[in-house]
Protein chains: 2
Amino acid sequence: MATLQLASWATNLTYADLTAPVITAAVNSIYNWAGCAIGGYAQDAPHIAQATTQPFFGGPPTSSILGYNGSIGGAYADAQLAALLNGIASHIDDYDDTHLETIIHPAGPVASALLAVAEWQGPITGEEFLTAFVAGVEAECKLGLSVTPEHYDVGWHITSTTGSVGAAVAVGKLIGLDTVQMQNAIGVAATQVVGMQEYFGSMTKSFHVGRAAQGGMLGALLAKNNYTSSLQGLEAKYGWLHVVSTRENATAYFDQLGSIWEIEKNTFKPFPCGIVLHPTIDAAIQLHNETVQQGKDVLSAKSINLQVNSEVLILTGKTDPTTGLEAKFSVYHAAAIAFLYGEATPAYFTDDAVNNATTIEFRKKVNVTTDDAQFSTDQATVTIVFDDGTTLEKHIEHALGSLENPLTEADLEKKFLDQVSRQIGETRADRANVAFKGIGNMTDIGQLRTLF
Amino acid sequence: MATLQLASWATNLTYADLTAPVITAAVNSIYNWAGCAIGGYAQDAPHIAQATTQPFFGGPPTSSILGYNGSIGGAYADAQLAALLNGIASHIDDYDDTHLETIIHPAGPVASALLAVAEWQGPITGEEFLTAFVAGVEAECKLGLSVTPEHYDVGWHITSTTGSVGAAVAVGKLIGLDTVQMQNAIGVAATQVVGMQEYFGSMTKSFHVGRAAQGGMLGALLAKNNYTSSLQGLEAKYGWLHVVSTRENATAYFDQLGSIWEIEKNTFKPFPCGIVLHPTIDAAIQLHNETVQQGKDVLSAKSINLQVNSEVLILTGKTDPTTGLEAKFSVYHAAAIAFLYGEATPAYFTDDAVNNATTIEFRKKVNVTTDDAQFSTDQATVTIVFDDGTTLEKHIEHALGSLENPLTEADLEKKFLDQVSRQIGETRADRANVAFKGIGNMTDIGQLRTLF
């Protein structure tokens, strides 16, 4: 109620509601602020910030908006906006990637920032690009491990809260920061903590990723121009690790930098929705296929009964989603469509699909039992009870797309071509397929966009 | 050490360090991400975000950089950059304003966002502007009260963590959001939690204010274009109040909206440094004057002994500041210059002033005792012991600039003219003085900048 209460009050406030002392105080506040704003400009900080952001003052659009198809503006923007838009676009479907130990989706914040800067500040070779990318991903994943699970459990969206640091490290690497500058870049990035789980199921979830990319990039650019920050931004008493978590173990994880590679543990999503739904979907699709093989009608299912980890209901417990984005966080929707249709492609997470009558009916047949002793977040057992009293059951030990049961290269290509061709057509999708696969060999990442 | 360790590692990483599986994983991660970025662009969210940020794609510079004096770029930028730069400039001197119950500096995030939007989206009358400003200040201060002191105690910089919400509410009000849109605007603002106390004494402290202004503005603009967020962004289990604080009491404080006005409790700083230093400075200046009146040499002081609240050392305990910005968070510096020179103007918080030999010598004479039972953060007792064994003591019950002992209108004007004339000259300062005092009567805030 608090939000509504505040919003409603603010919406309805009029000038007539203000008393004379309020108006006096307001004028004085603005007056005093204006003095501070004018006088304070003499300092280095506003000058450095202005010099740093000068490229965004109507400068040339340097960086590509990857999925651009002609509806608004242009295919290129300045680097900050490109990072925001690519960050949003890359996460909006919840179809990206997952570092399962932390539930970080690593590429979004890092790559969105990095590509934008590489195009702008190039020529950057493919090797330089990959190096910087890895630096960023290791940074965010190690940082995430250092505060797992306490940080996530309190409600932070760990992809973006660590992603700004990942983006800063990646961009900082690309633009050649020295160590002190890199420390400052991490500081500016770390003080921008974007993303809470409350926004799962709305557009704001993907905003987190774009904003983290922007914030991290900005940190690196400011640091390059000697904007001062803290050199102990992570470990200080009032720094990131202690402010956003009740426990941290950064030293142990940072000790493993370069020996245990987190990028290697990155996994790719087969289904465009919350990762904790994947074992349920995997099971339900298999049960669909078994049902059909047995000559049964899937519509004859009386109930769909899930046994899962409690995180499934915490993160994806929406019973009555009304939009596609909400459906990505509804275990009821996910189980229903996977069993009904035997697949869980983006087509089943649209606003239309969510409001399909049969799907709505089947969502109500889904019952969820949680058992953390028996089920990790990667596991599920799904039992179908049919009208004739028979049952089918499937247990998933490791969901499709997990480290133990990963997508094949062919699966990954199929997913890419499906996603890309729907947006920019098959011809360009085929060219993009080649271009991105060959990124490590490029002599100038700035040419990437011209290849498809 | 963790930051240095990470920064050093990232700085030194080369492509040759990457193993073959690392490179494969990196390429696959980027490849998969690019697919997501291209495919995901079909969603509404990237389109809305692009439409929302379209004015920043090299659009006309609409919004003034208040202190601009010709050294870089132009006097106008787009609204996002103007908000950032004015936010930074307005806070960099730590000379702005304070809502003492929360230690929020209220005007910075709200006015920086609001002026930029008012100039861009106008004509906006002075009354409309003031109404929106008050809405924003009440929003941030009530929110701050709801989590005081727990939120601040963990290390957050409450000015910016609440300021993004204040800016969103102010801008949302100005551009006429409806209630649901305002809820969404608050949501986008609340999920961007910028600012930790570790950055006090560096340029990043004022970045917090500028970034909060940007983030809140962006939230309002996105919400206007129906970017979806949460309608319970503050009170939800994984929303702002619970994620950033161990306790909250928003309902009680929001109940007082419009009956108890927080803007009325705003105070203006007489000294350009951390607010908890003000009672010490007040006392030390008075003791300087008494010393001189008694015909004594201030240089004959053997020790300067302070009794203060423990927050003074927590927030301003820097013993050996090396920059002006650090000195703003050094009780040793503050006590030394106030007693030595009988004033604490911006001139005593420059890099040069910090490195003055006499000042350095006197910083070492400052001893601090904390006693929370006897001293609130607004109180201090300073005792000078002279070489001849005599002493002088002064107790401050309410520091100059507090609600109980506020700056007079004349004091405030003196401060304004001093700040402004140093940056843009006396003639323009006089005109600015008139312009900002008359802001409530303007028919178009967009004309403000032309008046000085």
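Just so you know, these numbers use all the heavy atoms, side chains as well, and skip hydrogens, waters and symmetry mates. Reminder, nothing fancy here: chain letters follow the sequence lines and each chain counts from 1.
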Working to the nearest 0.5 angstrom, can you tell me the gap between [X] [atom1] and [Y] [atom2]?
| X | Y | atom1 | atom2 | answer |
| --- | --- | --- | --- | --- |
| A:T179 | B:N12 | OG1 | CG | 6.0 Å |
| B:Q192 | A:F207 | CD | CZ | 4.0 Å |
| A:Y238 | B:Q197 | OH | CD | 6.0 Å |
| B:L218 | A:R211 | CG | CZ | 5.0 Å |

Taking every non-hydrogen atom, the tightest pair across [X] and [Y]:
| X | Y | result |
| --- | --- | --- |
| A:T19 | B:E264 | OG1-OE2, 4.5 Å |
| B:M196 | A:A190 | CE-O, 3.5 Å |
| B:H242 | A:V154 | O-CG2, 4.4 Å |
| A:E198 | B:G233 | CG-CA, 4.4 Å |

Check your understanding: Quick one: what part of A:T14 sits under 4.5 Å from any heavy atom of chain B, side chain, backbone, both or neither?
Key ->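 A:T14 touches chain B through backbone heavy atoms alone.
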Review point. Given that the side chain runs from C-beta out, which part of A:N433 has a heavy atom under 4.5 Å from chain B: side chain, backbone, both or neither?
Key: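 For A:N433, backbone and side chain are both near chain B.
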Check your understanding: Can you list the steps and then say if B:I88 with A:Y227 is a side-chain contact (heavy atoms from CB on, under 4.5 Å)?
Key -> CA-CA 12 Å; B:I88 290 172; A:Y227 201 89; 3.7 Å; yes
Check your understanding: B:S146, B:G258, B:G210, B:G201: which one forms the most heavy-atom pairs within less than 4.5 Å of chain A?
Key ->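 Heavy-atom pair counts peak at B:G258.
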Check your understanding: If you count heavy-atom pairs under 4.5 Å between each of B:D255, B:D17, B:V180, B:V137 and chain A, which one has the most?
Key ->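 Going by pairs under 4.5 Å, I would pick B:D255.
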Review point. Distance only, no hydrogens: is a donor on one side chain within 3.5 Å (strictly under) of an acceptor on the other, for B:S229 and A:T204?
Key: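 A donor-acceptor contact under 3.5 Å links the two side chains.
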Exercise for review: Verify, without hydrogens or angle tests, whether B:Y199 (side chain) and A:S230 (backbone) share a donor-acceptor contact under 3.5 angstrom.
Suggested key: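 Here the side-chain-to-backbone pair does not exist.
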Point to revise | Interface moiety of B:D418 toward chain A, non-hydrogen atoms closer than 4.5 Å | key: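 Neither part, no heavy atoms under 4.5 Å.
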**Study point:** Proximal component of B:H157, with respect to chain A [non-hydrogen, under 4.5 Å]
**Key:**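 No part of it gets close to chain A.
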